[in-house]
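Notes to accompany the following structure.
Residue numbering restarts at 1 for every chain, and letters A, B, ... go by the order of the sequence lines. Scope of the values below: all heavy atoms of this structure, side chains included, with no hydrogens, waters or symmetry mates.
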2 protein chains.
Amino acid sequence: MTQVHCTRAQTAVLQLLRQQREPISAQALYTLIKQQQRIGLATVYRALDALKRMGRVQHRVTLTGETLYNAVEQDRHYMTCLDCGQSFPLNTCPLKGLASSLQHSSSFTIYYHTLEFFGLCEPCSVQGG
Amino acid sequence: MTQVHCTRAQTAVLQLLRQQREPISAQALYTLIKQQQRIGLATVYRALDALKRMGRVQHRVTLTGETLYNAVEQDRHYMTCLDCGQSFPLNTCPLKGLASSLQHSSSFTIYYHTLEFFGLCEPCSVQGG
DNA sequence: CTTAGGAATGATAATCATTATCATAACGGG
DNA sequence: CCCGTTATGATAATGATTATCATTCCTAAG
């Protein structure tokens, strides 16, 4: 039940994720991996889910409802405009350091977190969103 | 185009959201409102989207893919177990105060944010997730 | 080396929350 | 009161994700 080693699919997924500069969707990942090896879309989803549970991959859901994944090493967060839908990356995580103190205050083991700001980007704000 | 006053549906949605202690899904909201007035599911979604764009309502997406909404007055955040899927509310927002400083450092107008920690709750952690 | 049991995989059908569509109803100004 | 616009309800369509199931791959025992 509990998995010790990564499966072939998980290895491929994790390796590709680490090469990405930005979070990527399961479908896009599927397209990329297919260029290298035979793989099914369901397997990509399964691998992502497993890696997520291991704490190696983190996820966030966009306004359009697709889930994006990235390796935990790249802890990325965004500001997303509710009008145009664009996401702008933060250059640093405002929670740096805070998560560890939270860790101590509860029995919960934290693997990763998602943080996203929503509002209006300047152009949309000017137009009058 | 830009909306000044709330529509009937938006008013009903916002009022009900303010009565909830926890974030609620669009469908559940729909069920609640239907008890009071004739309304369509699509209208609920439209109202939620509009309120979100106005910064009056905030949202988060659960692990199962449904979107939960709450009034911005109740700024709620959670720790979610990747194994059993349960969410545990934080009693305070670790970002309190930080968001405003971020506000100043960019031209982005922040309405709200989502913050969620993922990992393992104690029971799942013990079993060996 | 061969084989049996369990896990992983691929293809595809099914699910389900959300959106798009479209005809109708409500609204606001002239 | 009438016209153009916006909101609404009902329902069909969409699309990402999940379930299903037969097959393939591994691993470890014999």
Side-chain angles (χ1 to χ4, degrees), chain A residues 1-16 23-54 57-70 80 82-85 118 128-129, chain B residues 1-16 23-54 57-70 80 82-85 118 128-129:
Chain A
M1 169 180 274
T2 303
Q3 183 148 347
V4 182
H5 298 298
C6 278
T7 67
R8 188 164 131 89
Q10 285 163 21
T11 304
V13 164
L14 192 51
Q15 184 187 326
L16 261 175
I24 184 178
S25 72
Q27 310 243 8
L29 211 45
Y30 168 61
T31 304
L32 283 182
I33 300 182
K34 246 195 326 190
Q35 297 173 3
Q36 302 179 346
Q37 64 184 249
R38 186 165 186 269
I39 198 170
L41 178 58
T43 302
V44 174
Y45 276 104
R46 281 187 285 240
L48 283 168
D49 188 59
L51 290 167
K52 200 172 64 179
R53 287 163 181 272
M54 294 178 208
V57 158
Q58 73 186 58
H59 79 283
R60 100 187 146 97
V61 181
T62 69
L63 279 185
T64 62
E66 69 179 353
T67 305
L68 303 183
Y69 301 85
N70 63 276
T80 297
L82 290 167
D83 197 44
C84 67
F118 294 93
Chain B
M1 168 179 273
T2 302
Q3 182 147 348
V4 181
H5 298 297
C6 278
T7 66
R8 186 164 132 90
Q10 285 162 20
T11 304
V13 164
L14 191 53
Q15 184 188 326
L16 261 175
I24 185 178
S25 72
Q27 310 242 8
L29 211 44
Y30 169 60
T31 303
L32 283 182
I33 300 182
K34 247 193 328 189
Q35 297 172 4
Q36 303 178 346
Q37 64 183 251
R38 187 165 185 271
I39 197 169
L41 179 56
T43 302
V44 174
Y45 277 104
R46 281 186 285 239
L48 284 168
D49 188 60
L51 290 167
K52 201 172 65 179
R53 287 164 181 273
M54 294 179 208
V57 158
Q58 74 186 57
H59 79 282
R60 100 187 148 97
V61 182
T62 69
L63 278 185
T64 62
E66 68 179 353
T67 304
L68 303 183
Y69 301 85
N70 63 276
T80 297
L82 291 166
D83 197 44
C84 67
F118 294 94

Which atom pair, heavy atoms only, marks the closest approach of [X] to [Y]?
{"X": "B:Ile24", "Y": "B:Ala28", "result": "CG1-CB, 3.5 Å"}
{"X": "A:Val44", "Y": "A:Ala26", "result": "CG1-O, 3.7 Å"}
{"X": "A:Thr80", "Y": "A:Gly85", "result": "CG2-O, 3.9 Å"}
{"X": "A:Gln10", "Y": "A:Met54", "result": "OE1-CE, 3.4 Å"}
{"X": "A:Gly40", "Y": "A:Tyr30", "result": "C-CE1, 3.7 Å"}

Go through the structure and list residues passing side chain to side chain donor-acceptor pair (under 3.5 Å) with A:Thr62, not counting sequence neighbours.
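Testing A:Thr62 for side chain to side chain donor-acceptor pair (under 3.5 Å), a comparison that skips the adjacent residues, returns A:Thr64.
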Contacts of B:Asn70 that satisfy side chain to side chain donor-acceptor pair (under 3.5 Å) - sequence neighbours left out
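In terms of side chain to side chain donor-acceptor pair (under 3.5 Å), with neighbours along the sequence ignored, B:Asn70 is linked to no residue.
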Rounded at 0.5 Å granularity, tell me how far [atom1] in [X] sits from [atom2] in [Y].
{"X": "B:Leu32", "Y": "B:Ile39", "atom1": "CG", "atom2": "CD1", "answer": "11.0 Å"}
{"X": "B:Leu82", "Y": "A:His59", "atom1": "CG", "atom2": "NE2", "answer": "8.0 Å"}
{"X": "B:Leu14", "Y": "B:Leu48", "atom1": "CG", "atom2": "CG", "answer": "9.5 Å"}

Could you check B:Leu41 against B:Leu63 and say which one's nearest nucleotide on DNA chain D is further toward the 5' end?
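Between the two, 5'-proximity favours B:Leu41.
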Any side-chain N or O of [X] below 4.0 angstrom from OP1/OP2 of [N]?
{"X": "A:Ser25", "N": "D:dA16", "result": "no"}
{"X": "A:Tyr45", "N": "D:dT18", "result": "no"}
{"X": "A:Thr7", "N": "C:dA7", "result": "no"}
{"X": "A:Thr43", "N": "C:dG10", "result": "yes"}

Nearest whole Å is fine: how far is [N] [atom2] from [X] [atom1]?
{"X": "A:Glu66", "N": "C:dT18", "atom1": "CD", "atom2": "P", "value": "15 Å"}
{"X": "A:Leu48", "N": "D:dT17", "atom1": "CG", "atom2": "P", "value": "9 Å"}
{"X": "B:Asp49", "N": "C:dA17", "atom1": "CG", "atom2": "P", "value": "18 Å"}
{"X": "A:His59", "N": "D:dT17", "atom1": "NE2", "atom2": "P", "value": "10 Å"}
{"X": "B:Gln10", "N": "D:dT6", "atom1": "CD", "atom2": "P", "value": "14 Å"}
{"X": "A:Arg53", "N": "D:dT18", "atom1": "CZ", "atom2": "C1'", "value": "13 Å"}

Five-pair end axes of the helix from C:dC1-D:dG30 to C:dG30-D:dC1 and the angle they enclose, rounded to 10°
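For the helix from C:dC1-D:dG30 to C:dG30-D:dC1, the axes at opposite ends meet at about 30°.
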Polar pairs (N or O, both sides) under 3.5 Å between protein and nucleotides 22-27 of chain C?
none

Would A:Gln27 and A:Glu66 count as a side-chain contact (heavy atoms from CB on, under 4.5 Å) if you check the C-alpha gap in whole Å, the side-chain angles of each, and the deciding distance to 0.1 Å?
CA-CA 9 Å; A:Gln27 310 243 8; A:Glu66 69 179 353; 5.8 Å; no
Select one nucleotide: of D:dA10, C:dT18, C:dT12, the one nearest the side-chain heavy atoms of B:Ala26.
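The answer is C:dT18.
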Who are the salt bridge (charged side-chain N to carboxylate O under 4.0 Å, His left out) partners of A:Arg46, not counting sequence neighbours?
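With neighbours one apart ignored, the set is empty.
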Contact residues, residues 27-39 of chain A to DNA chain C [heavy atom, < 4.0 Å]:
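Under 4.0 Å from DNA chain C: A:Arg38, A:Ile39.
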